[in-house]
Amino acid sequence: MGDEADLVDAIGETNRESADRVARAEAVQHWLLAALDEATDAIVVVDRIGREIVRNAPARRFDGARHGEVLAQDAVDELLHVALEGVTSQRELQLYGPPRQVLQLRSFPLRRDGEVVGAVAFTRDVSESRRVESVRRDFVANVSHELKTPIGALGLLAETMAATDDANVVQQLADRVVREADRLSRIVDDLLDLSQIEAQEAPTRAPIPVRLLVSETIDLVQAAADLADVPILVTPQPPDLELACDRRQMRSALMNLLDNAIKYSGPRQPVEIGAELVGDRVALVVRDHGIGIPTRDLERIFERFYRVDRARSRETGGTGLGLAIVRHVAQAHGGDVTVESREGEGSTFTLHVPISNGGSRAMSEAL
């Protein structure tokens, strides 16, 4: 009887240990699956006959997918088949969308005691990194092109000056040298401003009266406006309105908008600047009555070095970076910039920026 009791106890203990091992295995499996679901890569694991064992959350979007993502699932299946033959492989797949995607796929055989017992495929979305690389390449190419022109002109002018003894010609060439040097300096200054704005993800903000901000900006461009015979008009705006912003950055953005408006306006065509409250944001508005912008160019004018009229821009000394600076200042402050324009009638640029507490009070009083 005692032996039977001991046997029953032993069996019970064995069952309990087995149950514990199963529970622990299930817990580990649960943790592993949860961890895989948190991975950014899409992961698919199959056994030795190609039967799917694991598909994490990012990979589920390919299961039963339509359109371009069907190609991704086909590519994964192909790489897993190759991996089950013991071969590690990788490839890059472009899906033209929308949205356009670039996927990097890799597969590896899974071995136990030297024998292939399964395979795993990883799919990583590298669309953003490829886009950044493309932007960086384009930026370097554009910077090189923009700097090459004035540098080449300076070299040619210097050679011409060295080859002539005519004082009048030398004076004319010297004036050209000064203009090209100024242009080169403006490009470098704008590049530095743009890099500083991009690097400063959270600009230092302090309340500033909008009237003061507008007044300071007008002072910076008044000489250019007088030279072009373009009057600057300040439109009515809510009194005591304050804006929480990086003063230097916001002044730079407004200065670029005003500078553009002056350059593309004719003599005695007024440029208007003002501010208004739109919801919980301050709308800083710069309006001109100049040549306007063609509809085909409206979507691209905020790109670096993009010019609507390259010949006119070079004549007026534009660097092609001013509106890119405006856009980055707006984004750095949690806002945006919009444009409305008609050829021959002028353009209106509106810089939307969240208001400060002072601005909120002014809005309440105005209402």
Side-chain angles (χ1 to χ4, degrees), residues 193-194 197 200 202-222 225 230-265 269-290 292-293 295 297-303 308 321-342 345-367:
D193 282 347
L194 191 56
I197 292 168
Q200 191 176 3
T204 303
R205 303 187 186 190
I208 177 175
V210 172
R211 286 184 179 276
L212 177 58
L213 182 64
V214 169
S215 175
E216 289 179 349
T217 305
I218 292 175
D219 288 343
L220 293 173
V221 300
Q222 190 64 64
V230 174
I232 299 178
L233 306 178
V234 180
T235 60
Q237 50 194 298
D240 304 322
L241 179 62
E242 284 189 345
L243 179 63
C245 65
D246 182 301
R247 187 170 184 163
R248 186 190 65 82
Q249 286 190 13
M250 196 59 60
R251 192 167 52 202
S252 174
L254 284 178
M255 184 183 71
N256 277 293
L257 290 178
L258 276 178
D259 187 54
N260 267 6
I262 292 167
K263 287 176 179 176
Y264 293 98
S265 294
Q269 289 182 323
V271 168
E272 303 162 19
I273 181 171
E276 57 190 32
L277 289 162
V278 180
D280 60 350
R281 301 197 295 179
V282 174
L284 298 160
V285 182
V286 174
R287 180 180 294 108
D288 67 66
H289 303 277
I293 303 169
T295 303
D297 295 305
L298 286 175
E299 292 184 359
R300 300 194 61 191
I301 58 173
F302 295 103
E303 296 177 12
V308 174
L321 290 168
L323 292 180
I325 290 174
V326 174
R327 182 188 63 181
H328 279 83
V329 169
Q331 291 175 344
H333 287 77
D336 57 51
V337 58
T338 59
V339 58
E340 296 177 4
S341 184
R342 291 175 66 91
E345 297 183 14
S347 306
T348 300
F349 286 85
T350 306
L351 183 59
H352 300 273
V353 185
I355 60 177
S356 68
N357 291 334
S360 299
R361 288 194 298 271
M363 180 175 66
S364 299
E365 293 169 3
L367 294 176

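In this text, all values refer to a predicted model and were calculated from it rather than measured experimentally.
Annotation: E340, atom CD; neighbour count of heavy atoms from other residues, nucleotides and ligands within 6.0 Å does not exceed 12.
Shortest non-hydrogen contact noted between F302 and L323 is CD2-O, 3.4 Å. The heavy-atom pair separating S347 from G292 by the smallest distance is OG-CA, 3.7 Å.
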Next on the checklist: Test side-chain contact (heavy atoms from CB on, under 4.5 Å) on I273 and L233; report intermediate values, then the result.
Outcome noted: CA-CA 6 Å; I273 181 171; L233 306 178; over 6 Å; no

Item to check | Worked check of side-chain contact (heavy atoms from CB on, under 4.5 Å) between L284 and V210 | outcome: CA-CA 9 Å; L284 298 160; V210 172; 3.9 Å; yes

Item to check | Trace of the side-chain contact (heavy atoms from CB on, under 4.5 Å) decision for H289 with E345 | outcome: CA-CA 5 Å; H289 303 277; E345 297 183 14; over 6 Å; no

Checklist entry - Yes or no on side-chain contact (heavy atoms from CB on, under 4.5 Å) for M250 and V329, after CA distance, side-chain angles and deciding distance? => result CA-CA 7 Å; M250 196 59 60; V329 169; 4.0 Å; yes

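Applying the salt bridge (charged side-chain N to carboxylate O under 4.0 Å, His left out) criterion to E276, with sequence neighbours excluded, gives no partner residue. With sequence neighbours excluded, no residue satisfies side-chain hydrogen bond (donor to acceptor under 3.5 Å, both in side chains) with T350. Remark: Q237 engages no residue in a side-chain hydrogen bond (donor to acceptor under 3.5 Å, both in side chains) (not counting sequence neighbours). Every residue two or more places apart in sequence or in another chain was checked for a side-chain hydrogen bond (donor to acceptor under 3.5 Å, both in side chains) with H352, and none qualifies. Partners of R211 under the side-chain hydrogen bond (donor to acceptor under 3.5 Å, both in side chains) rule, at least two apart in sequence or in another chain, do not exist in this structure. Every residue two or more places apart in sequence or in another chain was checked for a salt bridge (charged side-chain N to carboxylate O under 4.0 Å, His left out) with D219, and none qualifies.
Taking the charged nitrogens against the carboxylate oxygens, K263 and D288 have no contact shorter than 4.0 Å, which rules out a salt bridge.
Annotation: side chain of R205 is not in contact with side chain of C245 (no heavy-atom distance under 4.5 Å). The shortest distance between side-chain heavy atoms of I301 and V339 falls below 4.5 Å. Looking only at side-chain heavy atoms (C-beta outward), Q269 and I262 stay at 4.5 Å or farther from each other.
For the pairing with M255, the side-chain contact (heavy atoms from CB on, under 4.5 Å) check across N260, V221, I325 returns one residue only, V221.
Atom OG of S252 is separated from atom CG of L220 by 9.5 Å, given to the nearest 0.5 angstrom.
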